[in-house]
Structures are given as structure tokens and as C-alpha cells.
Amino acid sequence: MTIDKTFDPAAIEAKWYAHWESTGAFRPERLNAEPYTIVNPPPNVTGSLHIGHALDNTLQDILIRHARMQGKDALWVVGMDHAGIATQMVVERQMAERQQKRTDFTRDEFVAKVWEWKEESGGAITGQLRRLGCSMDWENERFTMDEGFSKAVIKVFVDLYNQGLLYRDKRLVNWDPRFKSAISDLEVETREVNGHMWHFKYPLAAGETYTYVERDADGIVTLEEERDYIAIATTRPETMLGDGAVAVHPGDERYKQIVGKLCEIPVGPKEHRRLIPIITDEYPDPDFGSGAVKITGAHDQNDYGVAQRNNIPMYRLMDEVASMRSDGVPYSEAAAQAKAIAAGGQWTAADIDALNLVPDAYRGLDRYEARKRVVADIDADGLVIAVESKTIQQPFGDRSGVVIEPMLTDQWYVDAKTLAAPAIEAVRSGAINVVPKSWEKTYFNWMENIQPWCVSRQLWWGHRIPAWFDKDGNIFVAEDEAGAQALAGEGVELTHDPDVLDTWFSSALWPFGTLGWPAQTSELDRHYPNDVLVSGFDILFFWDARMAMQGIHFMKEVPWKTLYLHGLVRAADGSKMSKSKGNTVDPLGLIDQYGADALRFFMAAMESQGRDIKMDESRVAGYRNFATKLWNAARFAQSNGIGGSQSISAPKAELAVNRWIIGEVVETVEKLNKAFAEFRFDGMADVIYHMVFDQFCDWYLELIKPAYVDGEKGEMDEESKTVAGWVLDQILVMLHPFMPFITEELWHALSDPTHPRKYDIIHAKWPAPNASADRAAIDEVSWVIETISKTRSFKAELNIPPGTRLTANIAAPQVSTAAIIERQAAALSRLGRIDQFVYSSVDTNNVAQIVVGDDTIVYALDGVIDLSAERVRINKAIEAATKERDALAGRLSNAAFTEKAKPEAVEKARADHAEKAAEAERLTAALARLG
RNA sequence: GGGCGAUUAGCUCAGUGGUAGAGCACUCGCUUCACACGCGAGGGGUCACAAGUUCAAACCUUGUAUCGCCCACCA
């Protein structure tokens, strides 16, 4: 098959992908081979391929194709994530377009609609991953909500519950008022926003007063006055309605006199205002604000802790959309009940929760509207001390973008601390190898301070929590309702917990749930632990850490031996890509424009030690050019009768140029293997790029190019054809993990028609040349390259047309040089335009001279030469050589260096010095010869 | 407040102790029969700053500055 003149990626990509997939190439039967496993981070079923996926999946595909070529039983597990909140959002948004909402349907109807959506519109990304060339095992594609996987999820829940590692608790959770659901700590992002801090007076009960004294650091009194109030600062006045106490630091002298007394919350109808105690707690910082803090246990994380420690009631003020509550008895009655409780009555958390302490006038108001009203009312009473403008740290839902409200609710929690301990140990002991290692510290820091993980979500789309309640609130956890009924006893009426599980709870099981667990399948046996997990560091806590915890807990073994973390792909200006900013780059557009191979190579070349990657389209274009270069090299090979090689071992070779290029292949394989062992993707790309461009195309192909004799193209020698064919094959194989499409195309195009390829390159064997570098060949080719380069160089600098043919004179050549010249005459003539070498001096000083190794080559020029330019040129070279010579001499004359430096370093310095000195000498002689 | 990372050529980035590198961009030359998405030849950097360790520092130590990210309960 003749290779087309132009390289058109689109023309070959679809063809080869379809071929691989239809022939089962991604998962060859290799039951006796060493297993190699990667599980793909399941993309959201709603997702489409973004640039981050392109990076993540390219890296994995490089690893899996490499492993496959090493003959391993390479399995790349693929599937999709049901993505609870994200998917429910998408479907609800579509409903909204038709003036429908979720609650127009029953839960079952809604869930059925989501499934319908999933079947029709979900999973667009799988086609896009194929376009990128990813060689996943599509035959066994999984979904986090498919039957088998769901079974694993339920079992994990039940087991953790029975082991006491999962429990139901009423705590302050991050409540997302838009989704009307709890979310985990990780799903909250703190942003700095402009806000205010209000300073209010909380009047002391019954008009009491005290002497307020403030002192500076030296104890000098700076303020002394009678006060009938305690000053409180808050950024959230609307939560005052739920205050249970005012706290001061136990060592705060200013308030000692009034600790234990009562003060009044200055909001609401005056006749019903509540009194709250002034207590002490370590939490308040005497140096901040007034040093006194109002305690609203139900709406603030810090206050929650104080309230718990001091048994202060926590009054919930808001409803599920974070508006002020409007349920319950009228405020007057509620306030009376609260007063009774405060006076020492018996109360339970449920009693408190039922109590709505929002004054009637504020009921049903949005929290921010309520804030305005509260502030206005306090102001009207003259109790505002000051209003400060201030940037405050505010929690936002990472998906909803709305302000999170801490709320006291019943949720399910995983005892993450217990599960984290062995996961920490696994990294510490090296059972999990974190690459780059610098991420270990971040991992440890988070894991060591891990908090209980809230796993219940008040959504409809997801794994329904396998818990049932009787009417007294007793909990029965079992894999199904019958099991729960059995636990509860016959005839007990049960209600199924309406909540679903956090999406990450299920995806944490991905490394073993996809392999058939809880069944003990052979797949599970072979492919767990996985070999590598490739993930962006942005999901280190969300996903990676949780996989480590769940994997070790349920499988008694780490989920993967290596955790490779890569960075983010950023926009060209370094900013984060986001749809809202409109600065995203579509990987599919890049594939259309430059080809998947070019995009993949770009990703590999830019991936270095987990650093972020700045998008640079010109580099993608550069790697498209690289692919074109390879394409044309293959065309050249084909036109010279160079076909596919049938050999893994390097062919025998006599010619120096062939022995040299075989050595280059050997070296490239070694460097590539090292880079793979170290997960240095940029290193891999660099090595193969230079092998193809510099060694193979720029020199080797040029050196073996047949000469034209009388206008007729000469025939290439057989040895070079054989070697070139073998080298090109090794290049294609080594490049295949990075550029799968073009290499597969060329692999077949280059096959010898009489001996077609026995297999696709995707199954070719990774190079093992069984050869070594050849010193003599390297020296010979290096001499040729240097001579040609320097000859071209002086022509360019002296403005001599590059095509000018010259005779080279060497007065007294080294014996080895003469031999090289004799063998390489054709190459020197064609590439260096050197007609002949004459071993004598020239009788003119109208010359250009170059120094190559121990020889000075003199070119006599027919008056065309600008001697002053040649002097400048040689002087520059002398300067460079003497500078280096002198630097080395300086070092060598330093006794401290020769005595203390490593012997190899001294030896090398001596050798380099001798060489530079000789070169300087020769150049100086050359300059003198110009007269 | 704690932690991590970055600072090297115009741009994007490699380089962890022994004479500063790549790609792109730039300059000059080339219709050399694989390739102008090309070929050849060049220019361009006191490696953020300061001090220290060392025979020797872009690289190790300490500090400073600037930028970025993550974590954290100052109302």
C-alpha cells in the first residue's frame, strides 16, 4: 500500500479505532500473562470530554498500551458515574424548560425519567474517549448504578453499619439550600466576600450594670465606664434569634463580674424577648472584637462546639431552603417554652428542634431579608454600637454556588478516622507509592485530621440508603426490606430511609466493585490490587483517599500500588478554565484540527511531575508537524524499498552508520524504559521526539540516502534497507503508546507485501534490541556529522552559497581520519558538498578552515572569500575554546579541586582541558595561516 | 494561621552539585527529487534576590520578595 502524499489524521483515526475495537484488540486473551490494571476514573454520565479528561486519559492510555506491548494482560476498566447531584440537576433543568418540576412526579417516576435520560443522552463522553484513541475494555463497561455495582455499594453500607463504622447522628451539617440536601465538607468551598460585622448591645437582665474596664498591654487603664450591656459582634444578625448563650473567655477580667448573669437578646417583640446566660469557654478570643461571642449552636460550626460542651440549647431557625422557619406554634408560645427550658426544664434535642423561635414578623423571610429586618429593628431600639465593613470567609456549595447554611439535621456518617488509619499507614510503608512524592504530605495532613464523612444526600437520584425506621425511630439496616423486616420483627411498620448516598461513597469502591466484588471472581483475583491510579490532584480527597480507605478495609489490600497525580490543564494565560469564564479549550476541536496523536503527544510532553499545564496550542501544532515528519520519513523509506522488519533483535550490520543508528535505538529504549519506570511522561516524549527528528530523520536517513548518478536515483544498499526497516519499526513501536493512530497506519503501510504484518502494532512487542552501542561507529559518524555541520556553518557565515562544492585539504591527517574519509566519501560529498579530500597543504592564504577533532580541514576558495569575515569567525571560535580552556586550567591549578573533587571529575577536567587547548592551538594556527 | 508549589531565552517549559537546554517565536540563507506542517545556519539567559555550605551552586541550607494552589472554627 503506497503511503499518501499528505498526512490526514482524520482519515485514519476512525478506521483504526473501529478496527481495534471490533477485533477485541483492547483486551486480548492473555490468561497466563502478568496482569496489569488501571481503572479509569468514571466520568459523570452527564459529562463531555474536556481538556482535563484528555490529559488524564492520555496518560492512562500511554501506560496501558505500553503494558500491553510488554506482553502483559493489560486491563483498563472503564465506566461511568451516576453523579447524583450533577445528573439530577441536568434532568431537573430540562424539566424546567417544559415548565415541569421534579415534585410534579412521584419519586419512582422521576428516577425512571433520569434512567431514560441516561439511556438517550448520557455517556456522550464514551464516544469522545474513543476519538482520543483510548484503549479501554469497552466490552465490560460499568456504571455505578448498574445492578452488580449497586449490590457492592449496599453491602459496603450494611457491613460498615454492622461494624460500627457507619452511624446515624444529628450534627451540624453543611446544608445546601438550593439542592435541599446535606453535602460533605469537601463539597464546600470557602470564598472571601465583602460583608459587615455588626456590633450590638445585649442589655443585662433587669437593668443591672457593671464597671467595664479596659487595659492596654502594660495594664494601664484605657477605658472605664458603667455599662448596662455586653457588646457582641456578629456577621450574621439573623441567627441571633437562636442564641443560647453569650460566651467569654474564662480569663477575661472585663467580664468576670457578669459571668453567670443573664442578658437579653435584643430582637423580637419586647415582651417575649429571651434571656440567655453569660458563660465562659476557651473558644472566645479576648483580643478579638469585644471578646464576647453569642452562641448559636444550630447555625455556626464554632458555636456548635461551644454549645455541645456547655449543654446550651441549639435552636434551628431556618427551613430547608434557608428561609426563616414558619412552622410550629406562634412565637409568643415558643418563646415561653424556651424560657421554661432555660429555667431548668427537661428537654430533648427533638423538643428543641420543634421549637420555632423566629418572631412572627420574620417568619418565612429569606435569611438575608431577615438580616436586614433584624438590623433595622435593633437600630430602631438604639442598640447598634457600630457597623464595620469587612471581608468575611463564607462557605459556598461547590456545585450550587449558593451560601451554605450550617443546619442541625439527622444524617448518616462514616467513621472516616478509623478507616483512615490503615490508609495512612499504606502510604507511609510504601505499599502505595505516591508520584510525585510531594503529595504525600498533603495526603497525610488531610487523612490525619479527617472528620466524620456525611454520606447521606436528600436527593432522589442515587443509591437508596438501605435503612428502615419504625415509628419510634428505631433503625434497621439490611440489604433489602425483607432483611430489615426480619430485624424489626413481623408486623412492625417500617419506612424506608428516603435519602441516597453520596456519589463518592460508591465511586470509592471502583477498584474492586468493577471487578465483580463481592463475588470472588477470577478477575478480582487477578486485577486487584490495580497497578496504577492516574488522577488529578483535585480529587485526591474526594476519590483517591476514599478508595484507599474502602479498598484496604474491604479487600485487606491497597487498591493500587502507585498513585500518580497530575495537575490541571490551565488556559494559556494561566487561569483556570471554566465554562462561565468562557476560556475553555475543546479537546475535540484540537483533535479535528491537529489530530488525536498530536494532542496526545502534547499532553505527554507537557506532563511533568504533577505540575499544572498551560494550554499552548502552538505546541499541539508542533506535534502535528512532528507526526507529518514521521509520515514523510515513512514515505521516503517506502519509496526506497524499505519495508517492515520481522525481527525483534537488531540486524547484523557492517556499515558504521548502521551500527551507529542501532546504538541510538538501544539508547532510546533504555531512556524510555527509565522514564516509564519513573512516570516521567515529559521525559518519554522528549526521548522519542529527538530520536525520530534528530537522529533518524536529520542524520540517518540523509546518510543512507542513495546518491544520484547521472540523474538516475541510485539503489540503496541492502544492509541499510534492512537496518532502516528495523529501526523504523522500533520507532513506530516506541511511539505507539503516544501516537497510536499514525503508528498503526504506518506499521501496516510499511509491511513487505510478500510478508504482511502478522499482528497489529497495538500488539507488537516492546523493543528489546539485544544489541549495544558501538564506540567505533559512534566516533566515525560523529566525525562525519561534525565535519558536515562545520562546513555548512562557515559557508553560511561567510555568505558562500550552500551549494558551492569544495575541495578539502588536510595536511597530515590522523590515520583514523583518513580511513573514515575513505569509507564516508559519498556522504561527505552529498551532505557536505565536499568533492574530495587532498592530503596536502594549500599554497594560498585565501582559505576557510575548520577544526574537527585532531584535524584541521582547509578549504581553498577562489577569491570569493571575505578574509576579514573569516578572521572574525575563527577568532570567535578561538575565544570560545580559550575561554573554556582557561576555566578548566583555573580549576585544575586549584589544589583543593584536584585533592578533594571526585577522581572522575578531575580526570574529565584534564581530558577536556587537553582537548580545548589543542583546539585553541589549531585555531590559532589557522588564523595565522590567513596572514 | 498552616502546608505545598513556582520564579531559568520574547513565550511555554525541562534541567537536583562539575563549561546553561528544548519546542515555539525571531534573524539569515535554501524551489538540495520524503517532508515549506520542510531543510541548513544563527542571535538571544549576571538561572527572582541575599547570605551561607562546598574545591565547585540554577541545583544543597537559611532568609527575603512576588505569584499560584490546598487546608484551617476568629465571632
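Because only heavy atoms are used, hydrogens play no part in the values below, and waters and symmetry mates are left out as well, while side chains stay in. In what follows, chains are A, B, ... by sequence order, proteins preceding strands, each numbered from 1.
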For A:Tyr564 and A:Phe681, take the angle between the two ring planes, folded into 0 to 90°, and tell me which bin it lands in: parallel under 30, tilted 30 to 60, perpendicular over 60.
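Taking A:Phe681 first and then A:Tyr564, their aromatic rings stand perpendicular (interplane angle over 60°).
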Hey, what's the ring geometry for A:Phe602 with A:Tyr623, parallel, tilted or perpendicular (30° and 60° as the breaks)?
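The rings of A:Phe602 and A:Tyr623 sit tilted, inter-plane angle from 30° to 60°.
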Any base atoms under 4.0 Å from A:Pro284, or only sugar-phosphate, or nothing? Heavy atoms, all strands.
base
For a quick check of understanding: with a heavy-atom distance under 4.0 Å over all strands, which category does A:Glu797 fall into, base, sugar-phosphate or nothing?
sugar-phosphate
Ignoring the backbone of [X], work out which of [options] is nearest its side chain.
{"X": "A:Ser789", "options": "B:rG68, B:rC70, B:rA41", "value": "B:rA41"}
{"X": "A:Phe288", "options": "B:rG40, B:rC73, B:rA75", "value": "B:rA75"}
{"X": "A:Lys5", "options": "B:rC35, B:rC74, B:rA41", "value": "B:rC35"}

Check whether any side-chain N or O of A:His913 sits under 3.5 Å from a backbone N or O of A:Ala909 as a donor-acceptor pair, and report yes or no.
no
If the [atom1] atom of [N] is compared with that of [M], how far apart are they to the nearest Å?
{"N": "B:rU64", "M": "B:rA57", "atom1": "P", "result": "24 Å"}
{"N": "B:rG45", "M": "B:rA22", "atom1": "C1'", "result": "14 Å"}
{"N": "B:rG15", "M": "B:rA9", "atom1": "C1'", "result": "14 Å"}
{"N": "B:rA14", "M": "B:rG23", "atom1": "P", "result": "16 Å"}
{"N": "B:rG43", "M": "B:rU31", "atom1": "P", "result": "23 Å"}
{"N": "B:rC24", "M": "B:rG63", "atom1": "P", "result": "41 Å"}
{"N": "B:rA72", "M": "B:rG3", "atom1": "P", "result": "15 Å"}
{"N": "B:rC73", "M": "B:rG1", "atom1": "P", "result": "16 Å"}

Within residues 696-705 of chain A, those residues having any heavy atom closer than 4.0 Å to RNA chain B are A:Cys697, A:Asp698, A:Glu702, A:Lys705
Polar atom pairs (N or O), protein with nucleotides 44-46 of chain B, under 3.5 Å:
none

Please state how far atom CG in A:Leu186 lies from atom C1' in B:rC70, giving the value in whole angstrom units.
11 Å
Would you say B:rC4 has OP1 or OP2 under 4.0 Å from some side-chain N or O of A:Lys441?
yes
Roughly how far, to the nearest 0.5 Å, is [atom2] of [Y] from [atom1] of [X]?
{"X": "A:Thr239", "Y": "A:Arg371", "atom1": "OG1", "atom2": "CZ", "answer": "8.5 Å"}
{"X": "A:Ile295", "Y": "A:Ile278", "atom1": "CD1", "atom2": "CD1", "answer": "12.0 Å"}
{"X": "A:Asn302", "Y": "A:Asp300", "atom1": "CG", "atom2": "CG", "answer": "5.0 Å"}

Pair A:Met240-A:Ile232, side-chain contact (heavy atoms from CB on, under 4.5 Å): steps then yes or no
CA-CA 10 Å; A:Met240 287 168 62; A:Ile232 300 293; over 6 Å; no
Summarise how protein sits on nucleotides 13-24 of chain B as a single string, 5' to 3': B when a protein heavy atom is under 4.0 Å from the base, S for sugar-phosphate-only contact, - for no contact.
SSS--BB--S-S
Scan A:Met577, A:Lys614, A:Met606, A:Lys576 and name whichever one has a side-chain contact (heavy atoms from CB on, under 4.5 Å) with A:Val569.
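It is A:Met577; the other options fail the test.
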Does A:Lys629 qualify as a cation-pi partner of A:Phe696, given the criterion of NZ or CZ under 6.0 Å from the six-membered ring centre and within 45 degrees of its axis?
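No, a cation-pi geometry is absent between A:Lys629 and A:Phe696.
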Using side-chain heavy atoms (C-beta onward) and a distance below 4.5 Å, is A:Arg600 in contact with A:Met739?
no
Does CD in A:Glu879 sit with more than 12 non-hydrogen atoms of other residues, nucleotides or ligands closer than 6.0 Å?
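No, CD of A:Glu879 has 12 or fewer neighbouring heavy atoms, counting only those of other groups under 6.0 Å.
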Assess whether side-chain contact (heavy atoms from CB on, under 4.5 Å) is satisfied between A:Arg367 and A:His299, documenting all intermediate values.
CA-CA 12 Å; A:Arg367 54 190 157 163; A:His299 289 282; over 6 Å; no
